[in-house]
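A note on names: the letters A, B, ... follow the listed sequences, proteins ahead of strands, and every chain is numbered from 1.
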Amino acid sequence: PTAAGGPANKDRKMASAEHLVLDLSNPDLRENALLELSKKRELFQDLAPLLWNSFGTIAALLQEIVSIYPVLSPPNLTPAQSNRVCNALALLQCVASHPDTRMLFLNAHIPLYLYPFLNTTSKSRPFEYLRLTSLGVIGALVKVDDTEVISFLLSTEIIPLCLRTMEMGSELSKTVATFIVQKILLDDVGLDYICTTAERFFAVGRVLGNMVAALAEQPSSRLLKHIIRCYLRLSDNPRACDALRSCLPDMLRDATFSSCLREDPTTRRWLQQLLHMVGASRVPTIQAGGGFDHMLVN
Amino acid sequence: PSAQGLFQATPSQSPFSVSQLSTPIPNIGTHVIINQKLSTLGLHLHFQRVVPIAMDRAINEIVSGIVQRSVSIATQTTKELVLKDYAMESDETRIYNAAHLMVASLAGSLAHVTCKEPLRGSISSQLRSTLQGLNVASDLLEQAVQLVTNDNLDLGCAVIEQAATDKAIQTIDGEIAQQLTLRRKHRDSSFFDPNMYGQGSMGILPEALRPKPGHLSLSQQRVYEDFVRLPWQNQSSQSTHAVSGGSSSVPGESGLTGTFGSTAGQVIPGYSSSLGIGNSGLVDVGSEAIESTSTTLLSASPIQVGAVANLAQQSTENDTLNAAFSS
């Protein structure tokens, strides 16, 4: 019975998606189309190629983005403006997620138009949502492990933007930003990039450490999981591992988070691995040309 | 050191030489704003003398880097999107027109939004160093510096935006022309661009959304024309600085006090209700990211999967409960 209902239903859905995509290029109909499409984007299969290949749609979405640049500083973004641009970003997230459009999206440098949003500092809710949704687009890009994506993001300086959110964002934004850093670190190119200079390593290490300290006050097991995974991955680099011997927060070594991790065997295992890696010798090993200390002195 | 500097990528090969930048500031002295309050501080004449110099130096300090980055990004975006959308267009003038409108808007917008904070710092420090020898109490001087910086920030941004816009328009033609030459070679058969549509991606595109041979419909053309209507473009195309100058003291001053977090914890009436949709979309974003970790990185235990499934509901609650994180 579903065999007959299925395709017809699918056709009807696609027809309405096509209609809404067409509406996107009309400024008078755009706001509603953004709302409807972003609401239903999971229902429409292959919405991403439709968005990308249809005439003017991506151009229209870019207009939505740059049109709110003027209210970023001084911060004057209204809830309605935030909502509208976040709907446009949700559609771009679709394009970033889809295997047929991801590289086209990167090649047109579209992620870079989101960076000004990640650079904002206002803690009001419209800005929080804007940053979170923008991070969601980047998160969708890094979800698939693709070195080309990681290299693009590194060369466009995504790391300091992520670190900024990890320092001052909401718990959810921090989690997504840390997830992005984790995915970048898991790629060899990313780990090398972070560990190339002592300054970079310590910038990341300091932010991770601050987040751990903040978690002791306000625990979040999902955020802690990503932080621990970042530390564990850093320990794969010999110099970073060496540095972690002295700068890994004590709170990760004692029982501070044991209740937080009770339900999460995987993260507990990661933490054990991490402590094993850095705990092998608590005494800093001083070798000529070895760790970051040496690099910093120079 | 700030994190931003540490991660500076090596500058990518620029499509143009920075030295080609024309001096971007023709008689900036006639546009600068010298606030009347400076008279009461007794600093009016000093500032009248140094503000044009400081502005000129501040802009020159940052303009080339910002223009280069903005133009390079906007050019790439425009090239990719215009050639895609105008794959069937036979009239090349239309293609160039659309490309000009888009690249000017994108480059200008990017330059403006990127230059604002660096320029603020640059103007202030140029003013301070120019006025160094002045025998004035330092807190008074600092107050004046902030005032003048805020009054003239929009002017400086407009100048940099204009420089990016001009450069972008000069740059895009070369990029497009190269591609159009290739396309012309295929003219004989049709205006079909085999690179674009040979991969069957158009197969799934419904009739109404497909670019058609020949000219575009009016509503289609309008998408690109709308790039002219974006806010900053309007500002700088008007006889700018009288306009922006008059209004600048208001946002400028609120910028001084309000930029960093003073809005924290402020509850916006009606926000949570009006944000219904965006909200659920956003929660998605977070949970998707996390979900992917649990599936790709962990051998997801049933407990974790459960936690992920709950996330959507939980975080909706979180968002309303903690008018969050504001502190």
Side-chain angles (χ1 to χ4, degrees), chain A residues 18 21-22 25-27 35 38-39 46 49-50 53-56 58-60 63 66-67 69-70 72-75 79-80 83 86-87 90 100 107-110 112 116 121-125 129 132-133 136 139 143 155 157 159-160 163 170-172 175-176 179 199-200 203 222 263 265-266, chain B residues 1 3-4 6-9 73 76-77 80-81 85 102 105-106 109 112-114 116 201-202 204-206 208-209 211 219-220 223-224 226-227 230-232 251 254-255 258-261 263-264 266 268 271 274-275 277-278 281-282 285-286 289-290 292-293 298 301 303-304 315 324-326:
Chain A
E18 286 156 21
V21 171
L22 204 58
S25 55
N26 183 332
L35 186 73
S38 66
K39 225 185 333 186
D46 288 328
L50 204 62
N53 291 312
S54 54
F55 180 94
I58 300 296
Q63 283 172 8
V66 300
S67 71
Y69 284 175
L72 298 181
S73 166
N83 207 14
C86 283
N87 287 332
D100 293 350
N107 193 34
H109 287 182
I110 293 173
L112 293 167
T121 51
S122 168
K123 290 194 172 182
S124 71
R125 297 194 56 150
Y129 278 113
L132 180 58
T133 319
K143 231 160 123 177
S155 71
E157 294 174 54
I159 293 286
L163 293 183
S170 68
E171 187 261 353
L172 198 51
T175 304
V176 181
F179 168 76
E199 287 84 358
R200 284 182 186 176
R222 57 181 178 180
E263 309 272 280
T266 311
Chain B
Q4 195 75 35
L6 300 178
F7 292 89
Q8 222 109 60
I73 296 167
Q76 179 68 14
T77 306
E80 295 296 317
L81 294 184
D85 281 341
M102 183 177 203
S105 168
L106 292 181
S109 294
H112 194 132
V113 77
T114 322
K116 200 157 190 174
S201 60
M202 278 298 140
I204 61 153
L205 205 62
L209 298 176
S219 76
Q220 283 181 322
V223 176
Y224 280 85
D226 280 346
F227 275 108
L230 291 170
W232 278 333
S254 74
T259 315
F260 297 102
T263 48
Q266 207 171 324
I268 298 154
Y271 185 58
S274 73
L275 207 82
I277 300 308
L282 291 165
V285 165
I290 291 154
S292 87
T293 5
L298 323 175
S301 75
I303 297 168
Q304 282 162 341
S315 38
F325 338 117
S326 37

Self-check item: Check: B:Lys116 and A:Pro74 side chains under 4.5 Å, non-hydrogen atoms
Solution: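 In contact.
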
Practice problem: For A:Asn107, enumerate each residue passing the side-chain contact (heavy atoms from CB on, under 4.5 Å) test, keeping only those at least two apart in sequence or located in another chain. | Solution: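 Per chain and number, A:Asn107 pairs via side-chain contact (heavy atoms from CB on, under 4.5 Å) with B:Gln76, B:Glu80.
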
Quiz item: Taking only residues two or more places apart in sequence or in another chain, which ones pass side-chain contact (heavy atoms from CB on, under 4.5 Å) with A:Ala59?
Solution: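 Checked A:Ala59 against side-chain contact (heavy atoms from CB on, under 4.5 Å); matches are B:Met102, B:Val223, B:Tyr224, B:Phe227.
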
Quiz prompt | A:Ile110 CD1 to B:Ile73 CD1 distance, which is reported to the nearest 0.5 Å | solution =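 Result: 12.0 Å between the selected atoms.
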
Exercise. Mind checking the CD1-CG spacing from A:Ile58 to B:Leu81? Nearest 0.5 Å is all I need.
Key: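 That separation rounds to 7.0 Å.
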
Practice problem: Could you check which of A:Ala60, A:Pro116, A:Pro27, A:Ser25 has the highest count of heavy-atom pairs closer than 4.5 Å to chain B? | Solution: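 Highest number of heavy-atom pairs under 4.5 Å: A:Pro27.
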
Exercise. Measure distances from B:Thr114 to the heavy atoms of chain A and classify the residue's part below 4.5 Å as side chain, backbone, both or neither.
Key: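 For B:Thr114, there is no contact with chain A at all, as no heavy atom is under 4.5 Å.
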
